[in-house]
Number of protein chains: 2
Amino acid sequence: MGISKTEIFTDQQNEIALFSKVFGHPARVAILQHLFRIDTCVCGDLVEEIGLAQPTISQHLKELKHLGLIKGSIEGTRVCYCIDTENWIKMKHIMLAFLNQDLKAKADCC
Amino acid sequence: MGISKTEIFTDQQNEIALFSKVFGHPARVAILQHLFRIDTCVCGDLVEEIGLAQPTISQHLKELKHLGLIKGSIEGTRVCYCIDTENWIKMKHIMLAFLNQDLKAKADCC
DNA sequence: TTGATTCATCGTAATATTGCAATGAAGCAA
DNA sequence: TTGCTTCATTGCAATATTACGATGAATCAA
């Protein structure tokens, strides 16, 4: 049905899934990598950088902003985006706890 | 159009997106967490554990297996699943490199 | 053999995602 | 004001995902 039964999972599981979902598209990965690489606000040139149409980029930026991973500030006719470091680190802790489960586990047995 | 333009992104970006996409559903997160917690093969009881119908669980397991994160071995009428530790660690390195980008970056400026 | 169990696959309905043209909104320059 | 630039939003088509009933395949027990 295209709809996930989120109510039968824990908040932690749903949170991991939400963050992962936003990383589940290469355009959003590319946007984030570009913002980190430039290491400052990016004003406007994301469309040329990524190579998708302007409405498509705008939509991906909206999803990243909705999760709090980036923030934008209006500068005249342009909008400048950058990583929200504080929220990025919060997200990272949640994802690291998930990815590092293997540290507690022994080994595969099959 | 529901289809991602993977060809305009790097292999690394597409790989991060593929791993993230599989973590983008709480049922798959729950399955992986259960496999780690049990720390051995899980034979059959995943349907009761997760709370989705058997075909749905089977479909999620197939996606996890397709990415190499779990492996299954047939034991009689049952199938036993466990984490593929080697591939999990490979995946983890790729994801950690992405999540740890902030270590190189300075700070947000907006 | 028959019946029961377990899991995969098929088929399908409901919903979500992706991408972009068209359009709108807001600011700046002249 | 007009025109230009930049980005967001709307609307829509194409495709993907999620979920599950029905069914199939394989194994084991009797």
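Numbered from 1 within each chain, the chains take letters A, B, ... in sequence-line order.
At least one side-chain nitrogen or oxygen of A/K5 sits closer than 4.0 Å to the OP1 or OP2 atom of D/dC20. Under 4.0 angstrom from either OP1 or OP2 of C/dT17 there lies no side-chain N or O belonging to A/H60. At D/dC20, one or more side-chain N or O atoms of B/T56 fall inside 4.0 Å of OP1 or OP2 (strictly under the cut-off).
Taking the charged nitrogens against the carboxylate oxygens, A/R37 and A/E49 do have a contact shorter than 4.0 Å, which makes a salt bridge.
The aromatic rings of B/H60 and B/H25 sit tilted, their planes meeting at an angle between 30° and 60°.
Within 3.5 Å, a donor on the side chain of A/Q54 pairs with an acceptor on the base of D/dA8, or the reverse.
In this structure, NZ of A/K21 is placed 5 Å from P of C/dT17, rounded to the nearest angstrom. Protein atom CZ of A/R78 is 13 Å distant from nucleotide atom P of C/dA29, rounded to whole Å. Across the protein-nucleic acid pair, A/K62 atom NZ and D/dT10 atom C1' stand 10 Å apart, rounded to whole Å. Rounded to an integer number of Å, the gap from CD1 of A/I74 to C1' of C/dA25 is 11 Å. As rounded to whole Å, 13 Å separates atom C1' of D/dA16 from atom CG of B/L18. C/dC7 atom P lies 14 Å from atom CD of B/E49, rounded to whole Å. Atom-to-atom, CG of B/L52 to P of C/dC7 comes out at 15 Å; the value is rounded to the nearest Å. If you measure from atom CD1 of B/I57 to atom C1' of D/dG21, you get 16 Å, rounded to the nearest angstrom.
Between A/P55 and A/R28, the one whose closest nucleotide on DNA chain C sits nearer the 5' end is A/R28.
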**Request:** Show your working on ring pair (Phe, Tyr, Trp, His ring centres under 6.0 Å) between B/F19 and A/F23 and close with a plain yes or no.
**Result:** CA-CA 9 Å; B/F19 282 127; A/F23 297 145; over 10 Å; no
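Checking side-chain atoms of B/E48 against main-chain N and O of B/D45 turns up no donor-acceptor pair under 3.5 Å. At least one donor-acceptor pair under 3.5 Å links the side chain of B/R28 to the backbone N or O of B/V22.
In this structure, of C/dT9, D/dT5, D/dA8, it is C/dT9 that holds the atom nearest to the side chain of B/S58. When the nucleotides C/dA8, C/dA22, C/dT9 are ranked by their closest atom to the side chain of B/K65, C/dA8 comes out on top. When distances are taken from the side chain of B/H25 to each of D/dA19, C/dC7, C/dT5, the shortest belongs to D/dA19. Counting only heavy atoms from C-beta on, A/T77 has its side chain closest to C/dG27 among D/dG21, C/dA8, C/dG27.
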